[in-house]
Amino acid sequence: MEEPQIPKNLRKPIKKTIKKTTIIQRKSKKTSSKIQKSHFEDDDNDNESNPSCSFSSFLEKWPILVSDFYQIDALELAPLLLGKYLRKDNVVLQITEVEAYRPNDSACHGRFGVTARTAPVFGPGGHAYVYLCYGLHTMLNIVADKEGAGAAVLIRSCAPIIGLETIQQRRGMVTEKPVLLAGPGKVGQALGLSTEWSNHSLFTPGGLELLDGPRPQHILVGPRVGIDYALPEHVNALWRFAIAGTPWISAPKNTLRPP
DNA sequence: CGGATGATCTGCT
DNA sequence: GCAGATCATCCGT
């Protein structure tokens, strides 16, 4: 699988990148310990904070989720995905913000039926649905529910867990701030996804995998982003979910509230 | 910090 | 043709 090129308008002049590096690296040491704190129930997890803790012990602690996990309504699956880990080779991201898209949902890509692009949405749960947005952003969804249902969960934001340098390289910026991974297009870019990853199985070892993860203590809900074309009942539905307290949330944040 | 804008391609409202 | 589950940059406060 080839590494997708960074689109021209998303590239930065080399001068600026270097300049930023020095500024950001100074700040990052302070913030990193703060970010790790206590948005999760079992906080004995030393994998993220202890650099000497090996990659393999992380993988031992958080096994790949099985196919059965996904065979439920997208509205039920979406909040369950918060805190789980996305892994592709040496990069691991933790899911912090998602949106559910469902059958008979005027905002869902499946609303016109099966097309070449949306076919994976109608497949069995547990596969990726990756599509190109605005011609340049790759958006990662996780297909939900039984075969034929037509439901998926959009991954809107993640926190970087392992492989920060690879993530920064793919994103074309050296920072640990939310601008690195808060937004669905950024997640796709950080994972190095192209539309060729659409329909990839997430429960089969190799390639892109979804691992179990800690359960968030508190969850926020809100209306979904960027679906003004949909019916009012779907525009207003509170089908966006995020981990309470995490900085890894896309805009707008002020529409999120406790359930 | 907020609003406007261009990039770039897919499927059809 | 055109709008779209977006993002980074530019220019104004």
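Heavy atoms only: backbone and side chains are in, while hydrogens, waters and symmetry mates are out. Every chain is numbered from 1, with letters handed out A, B, ... down the list of sequences.
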Value in whole Å for how far the [atom2] atom of [N] lies from [atom1] of [X]:
X: A:Gln189; N: C:dT6; atom1: CD; atom2: P; value: 15 Å
X: A:Leu180; N: C:dT6; atom1: CG; atom2: P; value: 18 Å
X: A:His137; N: C:dG4; atom1: NE2; atom2: P; value: 15 Å
X: A:Leu132; N: C:dA3; atom1: CG; atom2: P; value: 19 Å
X: A:Met139; N: B:dC9; atom1: CE; atom2: C1'; value: 14 Å
X: A:Leu136; N: C:dG4; atom1: CG; atom2: C1'; value: 12 Å
X: A:Arg240; N: C:dT6; atom1: CZ; atom2: C1'; value: 14 Å
X: A:Leu193; N: C:dT6; atom1: CG; atom2: P; value: 16 Å

B:dC9 phosphate, OP1 or OP2, under 4.0 Å from A:Arg117 side-chain N/O: no
* Could you tell me whether the phosphate oxygens of C:dT6, OP1 or OP2, come under 4.0 Å of any side-chain nitrogen or oxygen in A:Arg156? => yes
Evaluate the ring planes of A:Trp239 and A:His234, with Trp represented by its six-membered ring, and classify them as parallel (under 30°), tilted (30 to 60°) or perpendicular (over 60°). tilted
For the residue pair A:Tyr85 and A:Phe58, categorise the inter-ring angle as parallel (less than 30°), tilted (30 to 60°) or perpendicular (more than 60°).
perpendicular
Note: [X]-[Y] ion pair, threshold 4.0 Å (strictly below):
X: A:Arg240; Y: A:Glu97; answer: yes
X: A:Asp105; Y: A:Arg111; answer: no
X: A:Arg224; Y: A:Glu99; answer: no

What is the nucleic acid contact for [X], judged by heavy atoms within less than 4.0 Å: base, sugar-phosphate only, or nothing?
X: A:Leu154; answer: base
X: A:Arg111; answer: base
X: A:Arg224; answer: nothing

- request: Take atom C1' in B:dT10 and the same atom in C:dA8, then report the distance between them in whole Å.
  value: 22 Å
Closest of B:dT13, C:dT6, C:dA8 to the A:Pro184 side chain is C:dT6
Side-chain atoms of A:Phe112 come closest, of B:dT13, C:dA8, C:dT6, to B:dT13
In Watson-Crick or G-U wobble terms, with both distances under 3.5 Å, the base opposite B:dT8 is none
